[in-house]
Novice: 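My structure is below; once you've seen it, I'll send some questions.
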Amino acid sequence: MIVEKYGGTSVADVDKIKAIAKHVADIKKRGHDIVVVASAMGKTTNALIQLAKEVGYANNDREMDSLLSTGEQQTVTLLAMAIEALGVPAISLTGYQAGFITSNHHAHARIKDIDLTNLKQQLDQGKVVVVAGFQGATENGEITTLGRGGSDTTAVALAAKLGWNCYIYTDVDGVYTTDPRIYPQAKRLEEITYNEMMQMASLGSGVLETRCVEIASKYNIQLYLGRALKTDLSKGTFIMETKHLEDMPITGISVKEDYAIMRVLNIENDGIYLGNLFQLIADLNINIDTISQQISKDNKINFTFYCNEKQSDLILQNYKEEEFGYKIERILGFVKLSVVGVGISTHSGIASKTLNTLTKNGIKYYQITSSEISISLTIEKKDKEKAVQVLAQAFDL
Ligand code: ADP
Ligand code: ASP
Ligand code: MG
């Protein structure tokens, strides 16, 4: 009993869809129950966003959700047809039809629950069920999407609800020490802990969506990531509670590219301004990170936080300088680079090695932050490739 998920590149054209249909039909013929989750074909989601921009109204999140959900709907219907064509009964379900009930936060809805009644009926009738990733509906039947990359979350949430294992198939062999597109010599990890994967994902490693790892960890779902149609499980990565292999101090390097630094200087230290600012951010339902405040010599506050560019637009659109009393500055052109590993808490010298390696190679860093299993630095965008390369070499990644 398995849930398999195929990402956009893996279902990019008819030949790929047919190849996956064949693989799925074979699994079914061998007597297994299988649910398949699929993303939109290739770059369809981006193409739909572009169309909406051309119409001139891409900031209507409700309509955007309806539009974007059609991308996944195309894939699952084609895949179900291709499976049926091989003589194996199959049915496609949209997120709504599959029972995904979500919050009403359009464009970044959260799954509240999954009503499996329909899906289970289809399975009982011996069908392969093909579910559209990335989407659901509110209790009122409004179509929602789960945020970019959300099909991973669809798959893992289904696996959790069904109590099945989850296999995520994509266009790389597994989770690598760092994005192989930035550093082709990166090594594949056979295993990684939920905790490390969650950090790497939230710090920018887009190979898995952060929430899917969170759900897998919470419900202890066996999660596997590998290349589509490469079914030898020793060639991918298992994401699990604890690793069987010895811990290296550093597991990987992540880079967050869509990054805006927001800064307010010389605030009166009375708590009023920040209270109002945080209220605005909460009302806009924005997640910010790396909040930091310093007190200057004259007892004034300098305050910074980070968010993605779209969110920074939203903040700037709603921030009224004359009401708030201070100027908010946005700084672009930086990326956040993080070294991640459970070994950080147990090995000394990681920070010094990280900083010295960058300095030796003429790379400037700005803000430094850390957690128990990660150290993050803000660097200039132009230094991204080189920084990843020299750090990967220094830590033998
Ligand atoms: P899918 O459409 O299948 O969900 P994604 O594009 O979302 O695929 O994720 C796969 C991509 O993630 C890879 O092509 C790779 O460039 C990128 N990636 C980023 N960080 C990593 C990493 N640490 N290991 C492997 N791939 C990574
Ligand atoms: N198609 C959506 C996206 O491009 C969801 C996904 O691929 O997981 O973000
Ligand atoms: Mg993805």
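Just follow the structure's listing: the first ligand is 1, and inside any ligand the first atom is 1. On a predicted model such as this, the values are computed, not experimentally measured, just so you know.
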Novice: Return a yes/no value for K5: is any of its N or O atoms, backbone included, closer than 3.5 angstrom to an N or O of ligand 1?
Specialist: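 It does: an N or O of K5 is found under 3.5 Å from an N or O of ligand 1.
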Novice: Enumerate the atoms of ligand 1 whose separation from the nearest heavy atom of G174 is less than 4.0 angstrom.
Specialist: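 Every atom of ligand 1 under 4.0 Å from some heavy atom of G174: 24 (N), 25 (C).
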Novice: Between D33 and K28, does at least one N-O distance fall below 4.0 Å, as a salt bridge requires?
Specialist: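 Yes, this pair counts.
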Novice: So, R227 side chain and D171 main chain: donor-acceptor pair closer than 3.5 Å or not?
Specialist: yes
Novice: So is there a nitrogen or oxygen of S151 less than 3.5 Å from a nitrogen or oxygen in ligand 2?
Specialist: yes
Novice: Heavy-atom distances under 4.0 Å are what count here, so tell me which part of S151 touches ligand 1: side chain, backbone, both or neither.
Specialist: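 It is neither; nothing of S151 touches ligand 1.
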Novice: Distance to 0.1 Å, residue and atom name: give those for the protein heavy atom nearest to atom 7 (O) of ligand 1.
Specialist: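 Ranked first by proximity to atom 7 (O) of ligand 1 is G206 O, 3.5 Å.
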Novice: Closer than 4.0 angstrom: is that true for some heavy atom of G150 and an atom of ligand 2?
Specialist: yes
Novice: Nearest 0.5 Å, please: how far is CG in L67 from CD1 in I143?
Specialist: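 Output value for this atom pair is 10.5 Å.
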Novice: Give the contacting part of K187 toward ligand 1: side chain, backbone, both or neither, where contact means a heavy-atom distance below 4.0 Å.
Specialist: neither
Novice: Under 4.5 Å between any side-chain heavy atoms of T145 and E72, yes or no?
Specialist: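 Sidechains of E72 and T145: no contact.
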Novice: Considering only heavy atoms, does D179 approach ligand 1 within less than 4.0 Å through its side chain, its backbone, both, or neither?
Specialist: both
Novice: Are the side chains of E4 and I27 in touch, meaning some heavy atoms are under 4.5 Å apart?
Specialist: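 Heavy-atom side-chain distance check passes, below 4.5 Å.
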Novice: Could you tell me the residue and atom name of the protein heavy atom closest to atom 7 (O) of ligand 2, and the distance to it rounded to 0.1 Å?
Specialist: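 Looking only at protein heavy atoms, the one closest to atom 7 (O) of ligand 2 is S39 OG, 3.2 Å.
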Novice: Looking at ligand 1, is there an atom of it that comes within less than 4.0 Å of some heavy atom belonging to G149?
Specialist: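 Under 4.0 Å: no for G149.
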Novice: Verify the neighbour count for atom NZ of K18: are there more than 12 heavy atoms of other residues, nucleotides or ligands below 6.0 Å?
Specialist: no
Novice: Taking K382 first and then E380, would you say they form a salt bridge - that is, a charged N and a carboxylate O separated by under 4.0 Å?
Specialist: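 A salt bridge is present here (some side-chain N lies under 4.0 Å from a carboxylate O).
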Novice: Cation-pi check, K381 to F334: give yes when NZ or CZ is under 6.0 Å from the six-membered ring centre and within 45° of the ring axis, no otherwise.
Specialist: no
Novice: Nearest protein heavy atom to atom 8 (O) of ligand 1, by residue and atom, and its distance?
Specialist: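 I find the closest protein heavy atom is T170 OG1, 3.1 Å.
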Novice: Examine I288 and Y259 and state if one hydrophobic cluster contains both, with Ile, Leu, Val, Met, Phe, Trp and Tyr joined whenever side-chain heavy atoms are less than 4.5 Å apart.
Specialist: no
Novice: Which of the numbered atoms in ligand 1 are below 4.0 angstrom from a heavy atom of G7?
Specialist: 1 (P), 2 (O), 3 (O)
Novice: Give yes if a backbone or side-chain nitrogen or oxygen of R181 is under 3.5 Å from a nitrogen or oxygen of ligand 1, and no if not.
Specialist: yes
Novice: Mark yes or no for whether T354, through its side chain, and I350, through its backbone, hold a donor-acceptor pair below 3.5 Å.
Specialist: yes
Novice: Give yes or no for whether the N/O distance cutoff of 3.5 Å, strictly under, is met between E72 and ligand 2.
Specialist: yes
Novice: Does any N or O atom in Y176 lie less than 3.5 angstrom from one in ligand 1, N or O only?
Specialist: yes
Novice: What atoms in ligand 1 come closer than 4.0 Å to a heavy atom of D171?
Specialist: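 So the answer, numbered in order with elements, is 10 (C), 11 (C), 13 (C), 14 (O).
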Novice: Please report whether ligand 2 has a polar contact with G147, defined as an N or O pair separated by less than 3.5 Å (distance criterion only).
Specialist: no
Novice: Among K230, K235, R188, exactly one meets salt bridge (charged side-chain N to carboxylate O under 4.0 Å, His left out) together with D173. Which residue is that?
Specialist: K230
Novice: Does a side-chain heavy-atom distance below 4.5 Å link L146 with R211?
Specialist: yes
Novice: Hey, is G149 one of the residues with a heavy atom under 4.0 angstrom from ligand 2?
Specialist: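 Yes; G149 lies near enough to ligand 2 that a heavy-atom distance drops under 4.0 Å.
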Novice: Less than 3.5 Å between some nitrogen or oxygen of G8 and one of ligand 1, yes or no?
Specialist: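 For ligand 1, there is an N or O atom that lies under 3.5 Å from one belonging to G8.
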Novice: Looking at atom 27 (C) of ligand 1, what's its closest protein heavy atom, distance included?
Specialist: V207 CB, 3.5 Å
Novice: Return the orientation label for the Y167 and Y224 ring planes: parallel under 30°, perpendicular over 60°, tilted otherwise.
Specialist: tilted
Novice: By number and element, which atoms of ligand 1 are closer than 4.0 Å to a non-hydrogen atom of V175?
Specialist: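 Contacts of ligand 1 toward V175, numbered from 1: 24 (N).
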Novice: Which of the listed options, E209, K5, R148, holds the heavy atom that is closest to atom 3 (C) of ligand 2?
Specialist: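 It is R148 whose heavy atom sits nearest to atom 3 (C) of ligand 2.
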